[in-house]
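Here the structure comes first, spelled out in structure tokens, and everything after it is commentary.
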There are 2 protein chains.
Amino acid sequence: MSEELAARGQTTAAQVRKDLSHFGSFGKRGLGYRVRELRASLQRIIGVDRPWRVALVGAGRIGLALFEYPAFRARGYECVAIVDSDPEKIGTVWGNLTIRGPEEFETIVASLDVELIILAVPGPAAQELAARAVDAGVKGILNFAPIRLNVPPRVPVEDVNLIMELEALSFAITQAQRDA
Amino acid sequence: MSEELAARGQTTAAQVRKDLSHFGSFGKRGLGYRVRELRASLQRIIGVDRPWRVALVGAGRIGLALFEYPAFRARGYECVAIVDSDPEKIGTVWGNLTIRGPEEFETIVASLDVELIILAVPGPAAQELAARAVDAGVKGILNFAPIRLNVPPRVPVEDVNLIMELEALSFAITQAQRDA
DNA sequence: CTACATTTGTGAAGATTTTCACAAGCGAAG
DNA sequence: CTTCGCTTGTGAAAATCTTCACAAATGTAG
Ligand SMILES: NC(=O)c1ccc[n+]([C@@H]2O[C@H](COP(=O)([O-])OP(=O)(O)OC[C@H]3O[C@@H](n4cnc5c(N)ncnc54)[C@H](O)[C@@H]3O)[C@@H](O)[C@H]2O)c1
Ligand SMILES: NC(=O)c1ccc[n+]([C@@H]2O[C@H](COP(=O)([O-])OP(=O)(O)OC[C@H]3O[C@@H](n4cnc5c(N)ncnc54)[C@H](O)[C@@H]3O)[C@@H](O)[C@H]2O)c1
């Protein structure tokens with residue numbers, strides 16, 4: 001069982017067991033893990049055993065792709081608001097949501113209980129919006145802007161930097177060729 | 001100098017120096033690093049001292065966002081072809097490129113010297129396209145499909161999994177709240 | 001030329017992570 | 001109830017990564 005999990009996760013059985021043991025004891029010796037139970041426990045530990053309320057900040061190209069991506073909702077991330085500063089976009093409707101202006105941002109976060117934001121605005125706007133989001137009570141940020149956000153340490157930030165991913169590929173390829 | 005680099009990279013000066021020492025000796029003692037030189041050396045090491053030829057596979061929502069993202073080209077990743085299987089999309093023009101059908105895939109990779117692909121097709125199609133890309137000579141894959149691609153180890157794959165990033169946020173938040 | 005103020009590069013120490021290997025526990029079979 | 005086969009959970013060992021602390025360079029000033 002830990003063997004199979006290891007194979008799927010590209011790691012070793014011992015690592016799987018050690019990692020799980022860090023959070024508790026889930027399996028039965030001689031038997032393995034009961035999948036539904038383990039799954040439920042892990043969901044609870046990770047915090048994905050309940051829906052999360054998300055606001056999309058920046059209704060641009062990447063924002064649109066993300067908004068239309070059904071897997072988010074399927075996994076419990078529910079987009080409850082969209083904010084953009086472009087006057088042409090404010091008031092237009094995406095799905096069941098109307099795009100709002102940034103002056104309403106704090107009100108939206110507070111009234112809709114937004115916990116997470118997806119920040120998909122250009123770099124220069126990102127820091128200010130992040131700070132405002134944090135002040136308004138947002139608890140975490142998924143950041144697509146290519147800057148390091150300066151927020152209090154209690155607010156986790158996950159950066160998505162696709163250029164770094166491409167550069168990691170370039171490095172791996174260059175490296176492999178150097179070896180050969 | 002290593003102090004400043006450390007501050008920017010959220011790490012320590014010793015770490016910066018140790019990491020650099022792994023690839024060579026770049027600075028001058030007592031003086032620091034000469035920025036232009038260090039930069040050039042690292043670009044060469046990473047392999048980003050020359051342009052990379054990229055094909056976009058999957059002209060959907062995420063594919064469009066990526067294609068229109070100017071930072072890729074600015075950093076030396078040049079999109080030289082777009083492939084999609086949708087008959088409505090084949091033949092249409094994005095920027096200076098015409099979308100091609102998947103039956104042309106191998107020809108395109110070979111004739112245009114495609115080194116990297118950005119895979120932005122639905123999961124079920126991804127494995128087959130990845131295998132064909134590798135056979136046609138592609139050297140690396142940036143994969144957006146939510147599956148683990150099975151390709152030979154000489155071909156590096158970078159996975160972008162935004163759901164995992166959101167789940168990492170959820171975990172960090174849940175954890176912080178448990179502590180408090 | 002010598003003393004001095006700097007900052008790198010790097011062994012050694014310390015900390016963390018991963019692997020090893022096996023006792024502890026569990027169900028099944030006799 | 002006892003034995004047996006199997007898989008987890010976990011201390012201990014091994015490997016890896018990070019930090020420490022300082023000698024080796026380098027430019028400068030006297
Ligand atoms: N497009 C991509 O594939 C891609 C990939 C990785 C990262 N990114 C990053 O994501 C961010 C957005 O990229 P994009 O391609 O969607 O850009 P975009 O220009 O298409 O969209 C940005 C949106 O943000 C809005 N905006 C600007 N200032 C704002 C403000 N102060 N308040 C609210 N909204 C504001 C704009 O009106 C626009 O709708 C950028 O930081 C970019 O670097 C984009
Ligand atoms: N949209 C997002 O924000 C997002 C985020 C993360 C990951 N992803 C992943 O990226 C992939 C694409 O997502 P999307 O939202 O752009 O989907 P999409 O449906 O908008 O686009 C997929 C495109 O791939 C094309 N396609 C399908 N089969 C093909 C084949 N065999 N050969 C060539 N082209 C083919 C389709 O015609 C379509 O144009 C999916 O795997 C999705 O899980 C999307």
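Since the model is a prediction, treat every value here as computed from it, not as a measurement. Letters go in sequence order (proteins before strands), and every chain restarts at 1.
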Pairs flagged by salt bridge (charged side-chain N to carboxylate O under 4.0 Å, His left out) wherever residues 107-124 of chain A is involved - sequence neighbours left out:
R50(A)-E115(A), E115(A)-K139(A)
Output yes when at least one side-chain N/O atom of Q15(B) is less than 4.0 Å from OP1 or OP2 of dC17(D), else no.
no
Name the orientation class of the two ring planes belonging to W94(A) and F67(A) (parallel below 30°, tilted from 30 to 60°, perpendicular beyond 60°).
tilted
Calculate the interatomic distance between L5(B) atom CG and dT7(C) atom P; express it in whole Å.
13 Å
Nucleotide nearest R17(B) when distance is taken to its side chain, options dC22(D), dT19(C), dC22(C):
dC22(D)
Let me know the distance between CE of M1(B) and C1' of dA5(C), rounded to the nearest Å.
18 Å
Rounded to the nearest angstrom, tell me the gap between atom NZ in K28(B) and atom P in dT28(D).
13 Å
Within a 6.0 Å radius of atom CD on E68(B), are there more than 12 heavy atoms belonging to other residues, nucleotides or ligands?
yes
Give me each pair satisfying salt bridge (charged side-chain N to carboxylate O under 4.0 Å, His left out) with a member in residues 78-101 of chain A, each pair once, sequence neighbours excluded.
R100(A)-E104(A)
N or O in side chain of Y33(B) less than 4.0 angstrom from dT26(D) OP1/OP2:
no
By the salt bridge (charged side-chain N to carboxylate O under 4.0 Å, His left out) test, which pairs, at least two apart or in different chains, include something from residues 156-168 of chain B?
R75(A)-E167(B)
From CD of E4(A) across to P of dT7(D) the rounded distance in Å is 12 Å
Please tabulate, one pair per line, each protein N/O and nucleotide N/O from nucleotides 23-25 of chain C that are separated by under 3.5 Å, including the distance.
| from | atom 1 | to | atom 2 | distance (Å) |
| --- | --- | --- | --- | --- |
| dA24(C) | O4' | R29(A) | NH1 | 3.3 |
| dA24(C) | N3 | R29(A) | NH1 | 3.0 |
| dG25(C) | N2 | R29(A) | O | 3.4 |
| dG25(C) | N2 | G30(A) | N | 2.9 |

What parts of residues 18-26 of chain B reach DNA chain C, counting only heavy atoms under 4.0 Å away?
K18(B), S21(B), S25(B), F26(B)
Counting N and O atoms only, with roles assigned by atom type, does the side chain of R34(B) sit under 3.5 Å from a partner on the main chain of F26(B), one being a donor and the other an acceptor?
no
Roughly how far apart are Y33(B) OH and L5(B) CG, rounded to 0.5 Å?
7.5 Å
Clusters formed by hydrophobic residues whose side-chain heavy atoms approach within less than 4.5 Å: which one holds V157(A), and what are its other members?
V57(A), V80(A), V83(A), F105(A), I108(A), V109(A), L112(A), V114(A), I117(A), L119(A), V121(A), L129(A), V134(A), V138(A), I141(A), I147(A), L149(A), V151(A), V155(A)
